[in-house]
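Here's the structure we're looking at; comments come further down.
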Amino acid sequence: MATAKQLESKQSELDIIKWNDSESGTDMCGTYGYCDKCDKEKDFPCARAYYAKNAAAKTTTAKTASKTTAKKAPAKK
């Protein structure tokens, strides 16, 4: 998991993106790909959700990659 400093930095970065995206008049909170991992009860909720989503994606990618690279050699005749 990320350190408190990393969470604070990522939260600030995501807050700026969310603010800029919301300037059209629509609140963008809850609309990003990582928002399904959000827990607004915790500190740095966007950052925690962002890191959780990316950690899950890396795990899924690693599992898929290991399955595709572990192919059997063709049987000799």
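Because the structure is predicted, anything quoted here is derived from the model rather than measured. Sequential numbering from 1 along the given sequence is applied to the chain's residues. Scope of the values below: all heavy atoms of this structure, side chains included, with no hydrogens, waters or symmetry mates.
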| field | Which residues share a ring-ring contact (aromatic ring centres under 6.0 Å, His included) with Tyr32, sequence neighbours left out | value |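 Testing Tyr32 for ring-ring contact (aromatic ring centres under 6.0 Å, His included), a comparison that skips the adjacent residues, returns Tyr34.
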| said: Please enumerate all residues that pass salt bridge (Lys or Arg N to Asp or Glu O under 4.0 Å) together with Asp36, with sequence neighbours excluded. | reply: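 Partners of Asp36 under the salt bridge (Lys or Arg N to Asp or Glu O under 4.0 Å) test: Lys53.
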| said: Among residues at least two apart in sequence or on other chains, which ones pass salt bridge (Lys or Arg N to Asp or Glu O under 4.0 Å) with Glu8? | reply: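 By the salt bridge (Lys or Arg N to Asp or Glu O under 4.0 Å) rule, Glu8 matches no residue at all.
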| query | If you look at every heavy atom in Pro45 and Cys38, which pair is closest and at what distance? | reply |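 That closest heavy-atom pairing would be CB-SG, 3.9 Å.
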| field | Atom of Cys46, atom of Gln11 and distance for their closest heavy-atom approach | value |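 It is N-OE1, 3.0 Å.
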| query | In chain order, what residues pass the side chain to side chain contact (heavy atoms under 4.5 Å, CB included) check against Ser22, with sequence neighbours excluded? | reply |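 Testing Ser22 for side chain to side chain contact (heavy atoms under 4.5 Å, CB included), a comparison that skips the adjacent residues, returns Lys18, Asp27, Met28.
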| said: Could you work out, with side chain to side chain contact (heavy atoms under 4.5 Å, CB included) as the rule, every residue matching Thr3, not counting sequence neighbours? | reply: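 Residues passing side chain to side chain contact (heavy atoms under 4.5 Å, CB included) with Thr3: Lys5, Gln6.
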| When rounded to the nearest 0.5 angstrom, what distance separates OG in Ser9 from CG in Leu14? |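 One finds 9.5 Å between OG of Ser9 and CG of Leu14.
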| said: Per the ring pair (Phe, Tyr, Trp, His ring centres under 6.0 Å) rule, what does the pair list look like for residues 2-27, sequence neighbours excluded? | reply: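 Counting only pairs at least two positions apart or across chains, no ring pair (Phe, Tyr, Trp, His ring centres under 6.0 Å) contact touches residues 2-27.
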| said: According to salt bridge (charged side-chain N to carboxylate O under 4.0 Å, His left out), does anything in residues 40-51 pair up with another residue at least two apart or in another chain? List the pairs. | reply: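 Every salt bridge (charged side-chain N to carboxylate O under 4.0 Å, His left out) pair that includes a residue of residues 40-51, provided the two are not neighbours, is Asp43-Arg48.
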| Got a sec, which residues hit side chain to side chain donor-acceptor pair (under 3.5 Å) with Lys10, two or more places apart in sequence or on another chain? |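 Counting only residues at least two positions away or on another chain, Lys10 forms a side chain to side chain donor-acceptor pair (under 3.5 Å) with Glu13.
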